Asks: 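Okay, handing you the structure first.
It should be emphasised that the depicted structure is a prediction, and the values quoted were computed from it without experimental measurement. The first residue of the sequence shown is numbered 1, and numbering continues consecutively from there.
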Amino acid sequence: MNKLLIVGTVAFDAIETPFGKTNKILGGAGTYIGLSAANFDIESAIVSVVGDDFPQEYLDLLTDRNVDISAIEVVKGGKTFFWSGLYHNDLNSRDTLVTELNVLADFQPKVPQNFKTADVVMLGNLHPLVQASVLDQMNTKPKLVVLDTMNFWMDCALTELLDVIKRVDVITINDEEARQLSGEYSLVKAAAKIHAMGPKFVVIKKGEHGALLFHDSQIFFAPALPLEEVFDPTGAGDTFAGGFAGFITQSGNASFENMKNAIIYGSNLASFCVEKFGTERMVILDKEEVVARLRQFKSLTQFDIEL
């Protein structure tokens, strides 16, 4: 069975949208990626850190889905990373209300021995030095390294971020971040500039407007599935990344043609994530629902045309 190594936050979130608000609930990039990747026939492990205030039941959610949590460090007396955000009416923009790094501030990732030869490495949104440390610990070069990052690291750790970008095969960022990183407004030009920084493949996420995949002169676009209700977009990008990386790991095929399928699988899983607050929808997701919605994607995007 192929192996996926996931690096990212396992955290508490408090979320407010026009549809309601939550107290502290399960969140974090590593959590969303792990729950998404659990929908594939692979071995996966999460490298992260939490405090001893983190409930065992949240860790059990991951182990129940065959996600290896042996590399999630629990710091005695420590407090878990906490983020709180307020979404505006369009759900495309948000304000960060609270960010408490807590145990994440001194996080030194430790890759488990049995995952140092992982086929795919998914570097979730974290400080670039932490991401680089994980790559340094691998015993063999992975078949594929996927990097997710955000504008915060572009603002405060750009040099370190560029060093990591040189070492990855795929970068996934949203359209705003792609423009900031490249200095180009056109996403086609932005992707070309980012491609020149190192990654062979550039994935630009556009939220409710789908996702773009760039490789040399090739471009693929996948729409987002139109949904009747969207409650909470938190974690949708990480869920997309988990679906993308999980599919590539399961198939063992990192070609451009296969990445088209990975984009669809990632978009499909992300469409479930936004239907409830936090990880609530991903926790109750079953395979029949995933397959049924994939059929919707297929009917949405396939057509016959005479040329």
Asks: Give the intermediate values and the outcome of side chain to side chain contact (heavy atoms under 4.5 Å, CB included) for residues Phe214 and Val188.
Replies: CA-CA 8 Å; Phe214 297 87; Val188 176; 4.2 Å; yes
Asks: If you define the side chain from C-beta out and look only at heavy atoms, does anything of Asp155 sit under 4.5 Å from Gln180?
Replies: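 SC-SC contact between Asp155 and Gln180 confirmed.
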Asks: How would you list all residue pairs meeting salt bridge (Lys or Arg N to Asp or Glu O under 4.0 Å) that involve residues 104-123, not counting sequence neighbours?
Replies: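 Every salt bridge (Lys or Arg N to Asp or Glu O under 4.0 Å) pair that includes a residue of residues 104-123, provided the two are not neighbours, is Asp119-Lys143.
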Asks: Quick one, Thr249 and Met122 - any side-chain contact, counting heavy atoms below 4.5 Å?
Replies: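 No, side chains not in contact.
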Asks: Can you run down the salt bridge (Lys or Arg N to Asp or Glu O under 4.0 Å) pairs that involve residues 236-258, sequence neighbours left out, and say none if there aren't any?
Replies: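 Checked against salt bridge (Lys or Arg N to Asp or Glu O under 4.0 Å) - neighbours excluded - the pairs reaching residues 236-258 are Glu257-Lys260.
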Asks: Would the distance check show the side chain of Asp95 and the main-chain N or O of Leu86 forming a donor-acceptor pair, the cut-off being under 3.5 Å?
Replies: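 Checking the backbone N and O of Leu86 against the side chain of Asp95, no donor-acceptor pair under 3.5 Å is found.
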Asks: My understanding is that only residues two or more places apart in sequence, or in another chain, count here; which of them pass side-chain contact (heavy atoms from CB on, under 4.5 Å) with Leu129?
Replies: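 Expected list: His127, Glu160.
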Asks: Suppose we screen for side-chain contact (heavy atoms from CB on, under 4.5 Å). Which residues come up paired with Val168, at least two apart in sequence or across chains?
Replies: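 Only Leu123, Val145, Leu147, Val164, Pro199 meet the side-chain contact (heavy atoms from CB on, under 4.5 Å) criterion with Val168.
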Asks: Not counting sequence neighbours, which residues clear ring-ring contact (aromatic ring centres under 6.0 Å, His included) with Tyr58? List them please.
Replies: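 With sequence neighbours excluded, Tyr58 shows a ring-ring contact (aromatic ring centres under 6.0 Å, His included) to Phe54, given in chain and number order.
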Asks: Which residues pass the side-chain contact (heavy atoms from CB on, under 4.5 Å) test with Thr301, sequence neighbours left out?
Replies: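 With neighbours one apart ignored, the set is Pro223.
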Asks: Go through the steps for Ile165 and Leu181 under the test side chain to side chain contact (heavy atoms under 4.5 Å, CB included), then give the verdict.
Replies: CA-CA 11 Å; Ile165 288 175; Leu181 183 60; 3.9 Å; yes
Asks: Would the distance check show the side chain of Thr9 and the main-chain N or O of Ala29 forming a donor-acceptor pair, the cut-off being under 3.5 Å?
Replies: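 Yes, the answer is positive, given that a donor and an acceptor are paired below the 3.5 Å cut-off.
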Asks: Of all residues at least two apart in sequence or in a different chain, which pass the ring-ring contact (aromatic ring centres under 6.0 Å, His included) check with Phe115?
Replies: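 With sequence neighbours excluded, Phe115 shows a ring-ring contact (aromatic ring centres under 6.0 Å, His included) to no residue whatsoever.
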Asks: Dump the intermediate steps for side chain to side chain contact (heavy atoms under 4.5 Å, CB included) on Tyr32 and Thr234, then the final yes or no.
Replies: CA-CA 9 Å; Tyr32 284 103; Thr234 308; 4.0 Å; yes
Asks: Can you sort out the partners of Ser217 under side-chain contact (heavy atoms from CB on, under 4.5 Å), two or more places apart, ordered by chain and number?
Replies: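 Not a single residue meets the side-chain contact (heavy atoms from CB on, under 4.5 Å) criterion with Ser217.
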Asks: Determine the minimum heavy-atom distance between Thr22 and Asp13, stating which atoms define it.
Replies: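 Here Thr22 and Asp13 meet closest at OG1-O, 4.3 Å.
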Asks: Closest approach of Ala270 and Ala236, non-hydrogen atoms and distance?
Replies: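 Where Ala270 meets Ala236 most closely, the heavy atoms are CB-O, 3.6 Å.
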Asks: Please check if the number of heavy atoms outside Lys24 that lie under 6.0 Å from its NZ is greater than 12.
Replies: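 Enclosed: over 12 neighbouring heavy atoms sit under 6.0 Å from NZ of Lys24.
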Asks: Is Glu229 paired with Arg281 through a side-chain N to carboxylate O contact shorter than 4.0 Å?
Replies: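 No, no charged N to carboxylate O under 4.0 Å.
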Asks: Using every non-hydrogen atom in the two residues, find where Gln137 and Val111 come nearest and quote the distance to one decimal.
Replies: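 So the two residues come closest at OE1-N, 2.9 Å.
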Asks: Check the surroundings of atom CD in Gln108: do more than 12 heavy atoms from other residues, nucleotides or ligands lie under 6.0 Å from it?
Replies: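 No, not enclosed.
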Asks: Salt bridge (Lys or Arg N to Asp or Glu O under 4.0 Å): which pairs involve residues 53-71, sequence neighbours left out?
Replies: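 Residue pairs with at least one partner in residues 53-71: there are none.
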Asks: Would you say the side chain of Leu35 lies within less than 4.5 Å of the side chain of Leu62, judging by non-hydrogen atoms?
Replies: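 Yes. Closest side-chain heavy atoms under 4.5 Å.
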Asks: Please state whether the rings of Trp83 and Tyr87 are parallel, tilted or perpendicular, taking 30° and 60° as the class boundaries.
Replies: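 Aromatic pair Trp83/Tyr87 classed perpendicular.
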Asks: So, using ring-ring contact (aromatic ring centres under 6.0 Å, His included) as the criterion, who are the partners of Phe40 when residues are at least two apart?
Replies: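 Listed in chain order: Tyr265.
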Asks: Within a reach of under 6.0 Å around CG of Asn89, are more than 12 heavy atoms found that belong to other residues, nucleotides or ligands?
Replies: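 No, not enclosed.
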Asks: Quick one, Asp232 and Glu280 - any side-chain contact, counting heavy atoms below 4.5 Å?
Replies: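 Result no, sub-4.5 Å side-chain heavy-atom pair not found.
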Asks: Between Gln250 and Asp41 (side chain of the first, backbone of the second, donor and acceptor by atom type, cut-off under 3.5 Å), is there such a pair?
Replies: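 The answer is yes, because a donor-acceptor pair under 3.5 Å joins these two groups.
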Asks: Please list, chain by chain and in numerical order, all residues satisfying ring-ring contact (aromatic ring centres under 6.0 Å, His included) with Phe201, sequence neighbours excluded.
Replies: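 ring-ring contact (aromatic ring centres under 6.0 Å, His included) list for Phe201, sorted by chain: His215.
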Asks: Within a radius of less than 6.0 Å around CG of Asn139, do more than 12 heavy atoms belonging to other residues, nucleotides or ligands occur?
Replies: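 Result for CG/Asn139: enclosed.
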Asks: Would you mind reporting whether Asn2 and Val120 have side-chain heavy atoms less than 4.5 Å apart?
Replies: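 The answer is no, as the side chains (C-beta and beyond) never meet within the 4.5 Å cut-off.
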Asks: Tell me whether Asp52 is salt-bridged to Lys76, with the criterion being a basic N under 4.0 Å from an acidic carboxylate O.
Replies: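 Looking at Asp52 and Lys76, the cut-off is not met.
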Asks: Side chains of Thr17 and Phe231: does their closest heavy-atom pair fall under 4.5 Å?
Replies: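 No, their side chains stay 4.5 Å or more apart.
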Asks: Do Val134 and Gln131 come close enough that some side-chain heavy atom pair is under 4.5 Å?
Replies: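 No, their side chains stay 4.5 Å or more apart.
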Asks: Could you give all pairs that pass the salt bridge (Lys or Arg N to Asp or Glu O under 4.0 Å) test and reach residues 188-198, with sequence neighbours left out?
Replies: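 Sorted pair list: Glu184-Lys193.
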Asks: Taking all non-hydrogen atoms of both residues, which atom of Val47 and which atom of Pro112 are closest, and how far apart?
Replies: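 Val47 and Pro112 have their closest heavy atoms at CG2-CD, 4.0 Å.
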